[in-house]
Amino acid sequence: MAKRPALSTGHGDMPLDGGGTAEALEEAPLFDERLFFPTKAAKLAPAKAEADYHGHRERLRNRYRDGGDAALADYEILELLLFRLIPRRDTKPIAKALLARFGTLGGVFGAPVNLLTEVKGVGDAVALDLKLMASVAQRMLKSELAGKPVLSSWKALIDYCHTAMAHEAREQFRLLFLDKRNALIADEIQGFGTIDHTPVYPREVVKRALELSASAVILVHNHPSGDPTPSRADIEMTKTIIDTAKPLGITVHDHIIIGKNGHVSFRALRLI
């Protein structure tokens, strides 16, 4: 009969090499040799890791509940949002990667879906949910303008335009049509352009204003470069629209240029 190898039970140095009795062998604690294999030990790690990030999530929620958004950094606010979108992963690295790629929270929510999905951990579903959140924010800001004289709600107007346009990768030309009380009738995108140019047709602007029975219009477009300084072409185009609209009783109240770093008002610059 082969000699039984000596093993340690972890409860003393009792030899199991034939030096003990059968009764001693039967009474010795059972030894689970699987614990010697690192593959088994490794399988215990994910449970601990999962417990760790679940605990982190709860702590982050409690900080937000007790202190509001001021208690959290931008990446933590984004991380908190990602909890429900990505329920089974640590979302802190993803939140930090999004901010590193797009610079700000506004940049993240303003980024197109195809660029969002280039960030590791962000799939199509998560990208679409982020865009949905951006749309909700835009609708909330736009609702602040409903039924109110736009000229007396200027900050709300600028906030809305900045949220809607500041992070667009292409220029877009937006028209805000107003009634006699300067309340918003319609908010329409007249056209999209390239990174630094949008074709604008003054006759089409005026035609649409007449169709809506608008008394006034505010012109808005974005500069994807981030610098809202008006170009010579911007100034000349604005003058042409004013000259075309005025004989028909339509007033151009302002032309606003939106950039990532702020905005410019033609009226404030005395260009209108």
Side-chain angles (χ1 to χ4, degrees), residues 68-70 104-107 109-110 132-168 171-192 198 200-224 226-231 233-272:
D69 68 290
T104 64
L105 282 174
F109 290 110
L132 176 60
M133 292 175 189
S135 295
V136 169
Q138 289 180 30
R139 295 288 181 94
M140 288 175 61
L141 291 170
K142 189 175 180 178
S143 70
E144 294 298 312
L145 301 173
K148 300 176 183 177
V150 170
L151 299 183
S152 62
S153 306
W154 198 250
K155 184 180 183 304
L157 174 68
I158 297 301
D159 288 345
Y160 164 65
C161 291
H162 194 276
T163 300
M165 304 173 69
H167 299 283
E168 286 290 327
E171 277 200 10
Q172 65 172 238
F173 191 77
R174 186 180 292 264
L175 299 170
L176 306 178
F177 297 100
L178 312 178
D179 64 15
K180 291 181 179 180
R181 299 181 302 110
N182 289 322
L184 186 66
I185 297 173
D187 165 22
E188 298 180 353
I189 298 175
Q190 196 264 353
F192 291 93
T198 304
V200 178
Y201 305 99
R203 290 178 61 183
E204 292 299 317
V205 173
V206 174
K207 177 184 175 184
R208 184 58 177 152
L210 292 172
E211 290 173 350
L212 294 169
S213 299
S215 298
V217 63
I218 296 176
L219 316 176
V220 190
H221 85 277
N222 64 310
H223 280 179
D227 180 4
T229 303
S231 66
D234 293 334
I235 296 170
E236 292 175 353
M237 176 265 291
T238 304
K239 185 178 184 304
T240 301
I241 294 176
I242 292 172
D243 291 343
T244 305
K246 187 174 181 179
L248 298 171
I250 300 169
T251 303
V252 176
H253 279 316
D254 207 342
H255 185 171
I256 302 166
I257 301 179
I258 300 291
K260 294 184 183 74
N261 305 318
H263 74 280
V264 161
S265 160
F266 275 45
R267 184 166 293 279
L269 293 177
R270 298 185 179 181
L271 294 172
I272 293 180

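Index from 1, following the sequence.
Considering CE of Met165 and CZ of Phe173, their distance stands at 9.0 Å, rounded to 0.5 Å. Expressed to the nearest 0.5 Å, how far CG of Asp187 lies from CZ of Phe177 amounts to 9.5 Å. The NZ atom of Lys155 lies 10.5 Å from the CD atom of Glu144; values are rounded to the nearest 0.5 Å. Put simply, CD1 on Ile185 and CG on Leu176 are 11.0 Å apart, with the number rounded to the nearest 0.5 Å. The distance from the CG atom of Asn182 to the CG atom of Leu151 is 4.5 Å, given to the nearest 0.5 Å. For the atom pair OG (Ser153) and CG (Asp159), the distance works out to 11.0 Å, reported to the nearest 0.5 Å.
Scanning for side-chain contact (heavy atoms from CB on, under 4.5 Å) contacts around Pro202 gives Thr240, Ile241, Thr244, with sequence neighbours left out.
Among pairs with a residue in residues 257-272, those fulfilling side chain to side chain donor-acceptor pair (under 3.5 Å) read Asp254-Ser265, at least two apart in sequence or across chains. For residues 206-222, every residue pair satisfying the salt bridge (charged side-chain N to carboxylate O under 4.0 Å, His left out) rule, not counting sequence neighbours, is listed here: Glu188-Arg208, Arg208-Glu211.
Judged by distance alone, the side chain of Asn222 and the main-chain N or O of Gln172 form a donor-acceptor pair under 3.5 Å. Under the 3.5 Å distance criterion, the side-chain polar atoms of Asp234 are matched with a main-chain donor or acceptor of Ser231. In this structure, the side chain of His162 does not engage the main chain of Ala166 through any donor-acceptor pair within 3.5 Å.
Leu157 is listed as a side-chain neighbour of Ile256, based on a closest heavy-atom distance under 4.5 Å. Side-chain contact between Ile250 and Leu210 is present, with heavy atoms from C-beta onward closer than 4.5 Å. Looking only at side-chain heavy atoms (C-beta outward), Arg174 and Ile258 stay at 4.5 Å or farther from each other.
Residues Lys180 and Ser215 share a closest heavy-atom pair of CG-OG, 3.2 Å.
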